[in-house]
Amino acid sequence: MIDNHSQTAILLFAQSARVDAISKALVDVAVMDVLNNHVLNTVRNSGLDYYHFTEKEQRGDSFGLRFKNSIEDVFKLGYTSVICIGNDTPLLSVDLIHKAANSLN
């Protein structure tokens with residue numbers, strides 16, 4: 001259960017399955033689709049606001065800059081806490097997201 005989460009958002013920082021499969025030589029599109037769908041469904045079921053930044057929304061010439069800009073973009077929406085999640089989290093659960101949100105509060 002979430003205590004108070006109106007000021008917490010989730011940033012799902014994950015490229016599309018096609019782009020991720022290209023950049024990760026040992027992974028194919030089907031695997032990335034499964035990972036993306038699992039994480040996205042878990043985030044949706046958490047009840048928290050979320051923003052999915054794929055290669056279309058990310059800005060910057062390096063991973064670090066794209067990540068920094070994405071986090072700043074979510075904070076600019078008025079949130080005081082941001083939980084950052086990637087698509088490489090197959091053990092992610094709604095309970096873990098709620099624990100993170102409660103810890104941030």
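The figures here come from the full heavy-atom set of this structure, side chains too, leaving out hydrogens, waters and symmetry mates.
Remark: side-chain polar atoms of Thr89 are not paired, donor with acceptor, to backbone N or O of Leu92 under 3.5 angstrom. The closest donor-acceptor contact from the side chain of His52 to the backbone of Leu40 lies at 3.5 Å or more, if one exists at all.
Asp61 and Leu65 make their closest contact through N-CD2, 3.9 Å (heavy atoms, listed as atom of the first residue, atom of the second, distance). Shortest non-hydrogen contact noted between Val74 and Phe53 is CG2-CE1, 4.1 Å. Leu96 approaches Leu91 most closely through the heavy-atom pair CD1-O, 3.7 Å.
Remark: Asp73 pairs with Arg59 by the side-chain hydrogen bond (donor to acceptor under 3.5 Å, both in side chains) rule, at least two apart or across chains.
Counting only heavy atoms from C-beta outward, the side chains of Thr54 and Glu57 approach each other to under 4.5 Å. The shortest distance between side-chain heavy atoms of Met32 and Asn87 falls below 4.5 Å. Side-chain contact between Gln7 and Ser81 is absent, with no heavy-atom pair separated by less than 4.5 Å. By the 4.5 Å heavy-atom criterion applied to side chains, Ile97 and Leu48 are counted as neighbours.
Atom CD1 of Ile71 sits about 15.0 Å away from atom OH of Tyr79, to the nearest 0.5 Å. Taking CG of Asp49 as the start and CD1 of Ile83 as the end, the distance is 11.0 Å to the nearest 0.5 Å. Here Ser93 contributes atom OG and Asn45 contributes atom CG; the two are 11.0 Å apart, rounded to the nearest 0.5 Å.
Residue Leu104 is grouped with residue Val43 when hydrophobic side chains (ILVMFWY) are merged at heavy-atom distances under 4.5 angstrom, including chains of intermediate members.
Ring to ring, Phe13 and Tyr51 are not that close: their centroids are 6.0 angstrom or more apart.
Here the options are Val31, Asp33, Asn37, the test is side chain to side chain contact (heavy atoms under 4.5 Å, CB included), and the partner is Leu35; only Val31 passes.
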Applying side chain to side chain contact (heavy atoms under 4.5 Å, CB included), run through Ile85 and Leu11 and close with a yes or a no. CA-CA 6 Å; Ile85 299 173; Leu11 167 60; over 6 Å; no
